[in-house]
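Heads up: the structure comes next, in structure tokens.
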Amino acid sequence: MTKAHARFSIGIDLGTTNSALAFAPLLGEGTPEILFVTQWESLAGLTEEPTLPSFLYLPEEAAAAHFRGREVGDGQWVVGRFARIKASETPGRVVHSAKSWLCHHAADRLEPFLPWGSTDLTREQKISPVRASALILNYVRGTWNSRFAQAGFAFDDQEITVTVPASFDAAAQRLTIAAAEEAGFPKDVRLLEEPQAAFYCWLEKHDPAHDLWRADDDDTDLRHVLVIDIGGGTSDFSLFELRLNEQSSMPDIKRVAVSEHILLGGDNIDLAIAHMVEPRLAGPGGQISGPQWDQLVASCRNLKEHAFAATGPSDERFVLHWPVAGQGWSPARRLRR
């Protein structure tokens, strides 16, 4: 039900790799917009980006002192782009993929164990997947309020929706709600399945009667649409049934099937590249150490996204950088696209 005093509908994608916020006015003809999120890019500079990397960095004392009292990032954990960069340098102090842990039934997701396997932090310094998710959501909430609260459009007064994988079970959904509440979200926050949200967006930009019922198609009034969502940590498949409605230009829509939970996404590509590269770095029969492995995976993540974003030739090569003891970072092997 729409809040009587709400001015905007806010949608938040709490992603495994990146998070984002979009908003649309509830009155008038305004179009949806993406909120650009101010975040640290380095100790010296801020940037505004349409996405917030879902990474959290617990800085050492010298760096922590730099952030204290700042309008942006004045908290124990640094969220966003700078945290993602530090994942390649000090992986033991960086939390990532917290969303994937929310649906990991073998772990107590309320217990502080992230960064997973880190020996750089004590148990008291680590955080739970729910706490990590709450910190990301709270950061986005704070960004909204810094832009709109003084104008009378406080975050808590708006309609808030958080998207989740279609295959999230009831427990993972409850934990997502718990993270939102810990982040200070209003009690009436709603969850929406990600493939369903994507399908709604497609419907808004297309004419279903034209695009799904073309003249050369058969004359049945029934159509099925499969939405495939390959994300940072999971892949989802949702099947929708559409039936023509004589009283409306919009067909009747029914979701008829959802895939089983598939823990397969961009994280797995990073791991696959790292496993491919490891023998070249360690030599025959060799093996790199745990911290080196974390650094390698972070470097492979950067390489993957650079390759996906590039528009060069198919045989283009990319340099993967690798830390050499006592010498800092140096180029490792060149990899083909």
Side-chain angles (χ1 to χ4, degrees), residues 12-21 34-99 101 112-150 154-156 179-185 232 291 294-295 297-299 301-302 305 321 323 328-329:
I12 297 173
D13 177 10
L14 176 62
T16 303
T17 305
N18 293 286
S19 297
L21 183 153
I34 294 175
L35 179 71
F36 276 66
V37 182
T38 303
Q39 54 199 285
W40 288 101
E41 186 172 31
S42 66
L43 286 174
L46 293 165
T47 184
E48 278 194 350
E49 301 291 340
T51 59
L52 176 73
S54 301
F55 290 72
L56 304 101
Y57 163 57
L58 185 65
E60 299 84 346
E61 178 53 34
H66 171 82
F67 293 113
R68 290 194 191 106
R70 301 297 183 102
E71 183 178 352
V72 176
D74 183 19
Q76 186 179 22
W77 291 83
V78 179
V79 183
R81 188 172 178 82
F82 185 57
R84 180 194 167 108
I85 293 171
K86 297 301 288 186
S88 301
E89 302 171 5
T90 56
R93 305 187 72 89
V94 176
V95 172
H96 63 88
S97 304
K99 179 180 175 180
W101 285 103
F113 58 81
L114 297 178
W116 171 253
S118 171
T119 57
D120 295 346
L121 303 183
T122 66
R123 186 180 186 281
E124 290 71 25
Q125 290 176 302
K126 294 184 178 183
I127 55 177
S128 70
V130 170
R131 178 61 178 162
S133 300
L135 289 171
I136 295 169
L137 291 172
N138 181 261
Y139 192 96
V140 173
R141 176 175 176 265
T143 301
W144 172 276
N145 280 334
S146 69
R147 305 276 180 87
F148 297 105
Q150 288 189 349
F155 182 90
D156 296 358
E181 292 179 349
E182 186 175 334
F185 280 38
D294 290 336
Q295 292 172 325
V297 172
S299 298
R301 181 187 304 117
N302 294 334
E305 297 198 356
H321 293 273
W329 289 83

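Values in this document were obtained by computation on a predicted structure and should not be read as measured data.
Here the OG1 atom belonging to Thr51 is positioned 8.0 Å from the CZ atom belonging to Arg81, to the nearest 0.5 angstrom. Remark: Asn18 CG to Glu49 CD distance equals 10.0 Å, nearest 0.5 Å. Between Ser54 atom OG and Leu137 atom CG the span is 9.0 Å, to the nearest 0.5 Å. From Asn138, atom CG reaches atom OG of Ser133 across 12.5 Å, with rounding to the nearest 0.5 Å. Residue Phe113 holds its CZ atom at 14.0 Å from CG of Leu121, rounded to the nearest 0.5 Å. Put simply, CZ on Arg84 and NE2 on His96 are 10.5 Å apart, with the number rounded to the nearest 0.5 Å.
Residue-environment remark: CG (Leu43) exceeds the threshold of 12 foreign heavy atoms within 6.0 Å.
Residues passing the salt bridge (charged side-chain N to carboxylate O under 4.0 Å, His left out) test with Asp156, sequence neighbours excluded: Arg141. The side-chain hydrogen bond (donor to acceptor under 3.5 Å, both in side chains) check on Glu60 picks up Tyr57, with sequence neighbours excluded.
Within the 4.5 Å cutoff, no side-chain heavy atoms of Glu89 are placed close to those of Val94. Between Leu35 and Phe148 there is a side-chain heavy-atom pair separated by less than 4.5 Å. In this structure, the side chains of Ser19 and Asp13 stay at 4.5 Å or more apart for every pair of heavy atoms. At least one side-chain heavy atom of Pro129 sits less than 4.5 Å from a side-chain heavy atom of Leu114.
Considering every non-hydrogen atom in both Ala179 and Val130, the closest pair reads CB-O, 3.6 Å. Across Gln295 and Ser88, no two heavy atoms sit closer than the pair CG-O, 3.6 Å. Contact record, Pro59 with Phe67: CG-CD1, 4.4 Å, taken as the closest heavy-atom pair. When all heavy atoms of Phe55 and Thr17 are compared, the closest pair comes out as CE1-O, 3.7 Å. Between Ala134 and Ala183, the closest heavy-atom pair is O-CB, 3.3 Å. Nearest approach of Leu52 to Gly80, heavy atoms of both residues: CD1-CA, 3.6 Å.
Side-chain N or O atoms of Thr143 include one that pairs as donor or acceptor with a backbone N or O of Tyr139 at under 3.5 Å. In this structure, the side chain of Lys126 engages the main chain of Ser118 through a donor-acceptor pair within 3.5 Å. Between the side chain of Glu41 and the main chain of Phe82, no donor-acceptor pair closer than 3.5 Å is present. In this structure, Lys99 contributes its side chain and Leu14 its backbone to a donor-acceptor pair below 3.5 Å.
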Check against side-chain contact (heavy atoms from CB on, under 4.5 Å), Trp77 and Arg131: CA-CA 11 Å; Trp77 291 83; Arg131 178 61 178 162; over 6 Å; no
side-chain contact (heavy atoms from CB on, under 4.5 Å) between Ile12 and Phe185, worked out: CA-CA 12 Å; Ile12 297 173; Phe185 280 38; 3.6 Å; yes
Working for side-chain contact (heavy atoms from CB on, under 4.5 Å), residues Leu58 and Arg93: CA-CA 5 Å; Leu58 185 65; Arg93 305 187 72 89; 4.2 Å; yes
Step-by-step side-chain contact (heavy atoms from CB on, under 4.5 Å) determination, Gln39 to Val78: CA-CA 9 Å; Gln39 54 199 285; Val78 179; over 6 Å; no
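Side-chain polar atoms of Asp120 and Thr90 form no donor-acceptor pair below 3.5 angstrom.
Using a 4.0 Å cut-off between a side-chain N of Lys or Arg and a carboxylate O of Asp or Glu, Glu48 and Arg147 qualify as a salt bridge.
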